[in-house]
Amino acid sequence: VDGPLEEELESYGVTNTQEFVIWDPAFKAVENKTTHNIEVDEFLLGQTTLSKIHPFLVNGEINPNFDVKVNEVLHLRALCATVENENTFIVYPQGEETKHWSKAAIPFYIIGSDGVMYKKPKKKNIMVMSGGQREEILLQFDKPGVYVISQQGIQGMQFFDMTGHPHDQTLATITVHEVTKDENETEEEAPTTPIEEMVFTPGYTEEESIQPENIVGSETIVFSMGANFDQVPFPQYYVNGKPFDPNQIDFHAQPGEAR
């Protein structure tokens with residue numbers, strides 16, 4: 001992230017910053033262990049009806065734990081580093097992850113996306129992340145207990161629209177500890193400013209923002225896929241009904257224009 005993000009977070013008393021990198025599973029040979037040939041289906045990582053369940057990893061682990069204290073703000077620098085799979089990011093009290101997110105999910109805040117900061121935090125209950133997406137996330141809990149970050153509910157949104165994939169799973173666990181009297185006397189865990197009132201240096205200045213008068217036209221782009229088994233490549237990809245061609249240019253704009 002360009003800009004003074006770390007300094008601004010520290011000024012608000014937010015010092016607990018952790019990486020949260022969602023990975024596809026990886027395979028490696030283990031010495032002195034029985035091995036088998038890796039097959040095509042295993043490289044598809046749970047995207048076909050024949051696939052084994054390969055859980056996603058976070059920071060190279062299955063269901064890692066993050067420790068925080070009541071009212072402490074946890075800053076997650078999230079990256080969805082999957083090749084193709086999407087992931088949801090929903091926070092639940094442990095045991096309530098089967099409930100609908102609109103009723104049971106714990107809100108969190110997005111303060112930046114893909115390296116660009118927002119001036120004000122954006123409150124969310126759910127987020128869907130795709131490969132390469134980066135998010136700056138703030139979480140705060142006012143009660144001790146165990147909470148889970150859940151990936152769920154997007155089966156059928158993947159490669160070939162194979163129903164049932166990716167599988168629902170707990171991506172990570174957050175353990176929230178009560179602040180003892182001694183700890184409370186020596187260190188204040190709560191931020192100096194409520195998250196909703198925090199202000200950050202935006203990634204773009206007001207002068208750089210697109211104004212209505214800069215918009216000279218609109219375009220429609222429709223991505224689609226064909227499944228003709230008798231045609232290569234398979235599957236077939238189309239843009240506005242035309243076969244995908246990396247050398248084809250359909251739209252043109254002049255410097256300073258916005259479309």
Could you see if [X] belongs to whatever hydrophobic cluster contains [Y]? Use Ile, Leu, Val, Met, Phe, Trp, Tyr and a side-chain cutoff under 4.5 Å.
X: Val91; Y: Ile110; answer: yes
X: Ile195; Y: Leu74; answer: no
X: Tyr147; Y: Phe56; answer: yes
X: Ile137; Y: Leu9; answer: no
X: Phe66; Y: Val70; answer: yes

Kindly say whether [Y] contributes a backbone atom to a donor-acceptor pair with the side chain of [X] at under 3.5 angstrom?
X: Asp168; Y: Gly153; result: yes
X: Gln151; Y: Thr88; result: yes
X: Asn59; Y: Glu19; result: yes
X: Ser150; Y: Ile90; result: no
X: Asn240; Y: Val222; result: yes
X: Glu8; Y: Thr201; result: yes

To the nearest 0.5 Å, what is the distance between [atom1] on [X] and [atom2] on [Y]?
X: His75; Y: Glu6; atom1: NE2; atom2: CD; value: 7.5 Å
X: Met129; Y: Thr82; atom1: CE; atom2: OG1; value: 8.5 Å
X: Asn125; Y: Lys103; atom1: CG; atom2: NZ; value: 12.0 Å
X: Gln236; Y: Asn228; atom1: CD; atom2: CG; value: 5.0 Å
X: Ile149; Y: Thr170; atom1: CD1; atom2: OG1; value: 10.0 Å
X: Tyr92; Y: Lys99; atom1: OH; atom2: NZ; value: 10.0 Å

Applying side-chain contact (heavy atoms from CB on, under 4.5 Å) to Val1 and Arg77, what does each step give before you reach the verdict?
CA-CA 10 Å; Val1 174; Arg77 309 203 75 172; 3.1 Å; yes
Minimum heavy-atom separation for [X] to [Y], with atom names?
X: Ala81; Y: Trp23; value: CB-CD1, 3.9 Å
X: Ile249; Y: His252; value: CG2-CE1, 3.7 Å
X: Ser209; Y: Asn214; value: O-OD1, 4.3 Å
X: Val73; Y: Pro191; value: CG2-CG, 3.6 Å
X: Ser11; Y: Thr192; value: O-OG1, 3.4 Å
X: Glu208; Y: Gly203; value: OE1-O, 4.4 Å

Should Asn71 and Lys69 be marked as a side-chain contact (heavy atoms from CB on, under 4.5 Å) after you check the CA-CA gap, both sets of side-chain angles, and the distance that decides it?
CA-CA 6 Å; Asn71 289 325; Lys69 295 177 181 177; over 6 Å; no
Non-hydrogen side-chain atoms of [X] and [Y] separated by less than 4.5 Å:
X: Met198; Y: Ile111; answer: no
X: Glu135; Y: Ser113; answer: yes
X: Lys242; Y: Asp250; answer: yes
X: Val199; Y: Lys120; answer: yes

Does the pair Phe251 and Ile221 meet the rule for a side-chain contact (heavy atoms from CB on, under 4.5 Å), with working shown?
CA-CA 10 Å; Phe251 306 106; Ile221 302 176; 3.8 Å; yes
Can you name the residues that form a ring pair (Phe, Tyr, Trp, His ring centres under 6.0 Å) with Phe223, not counting sequence neighbours?
none
Please list all pairs passing the ring pair (Phe, Tyr, Trp, His ring centres under 6.0 Å) test where one or both residues lie in residues 102-139, with sequence neighbours left out.
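Listed once each, the pairs are Phe89-Phe108.
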More than 12 foreign heavy atoms under 6.0 Å from CD of Glu96: is that the case here?
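Yes.
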Tyr204, OH: over 12 other non-hydrogen atoms inside 6.0 angstrom:
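Result for OH/Tyr204: open.
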Paired with Ile174, the side-chain contact (heavy atoms from CB on, under 4.5 Å) test is passed by just one of Ile106, Val148, Val146, Val68, namely Val68
Going by the rule side-chain contact (heavy atoms from CB on, under 4.5 Å), which residues pair with Gln254 if we only count those two or more places apart in sequence or in a different chain?
Glu257
Asp142-Gln140 side chain donor-acceptor pair, cut-off 3.5 Å
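On atom types as modelled, these side chains do not qualify, holding no pair under 3.5 Å.
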Short side-chain donor-acceptor distance under 3.5 Å, Thr173 and Asn63:
yes
Could you check whether the rings of Tyr12 and Phe200 sit parallel, tilted or perpendicular, using 30° and 60° as the cut-offs?
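Answer is perpendicular, since the angle exceeds 60°.
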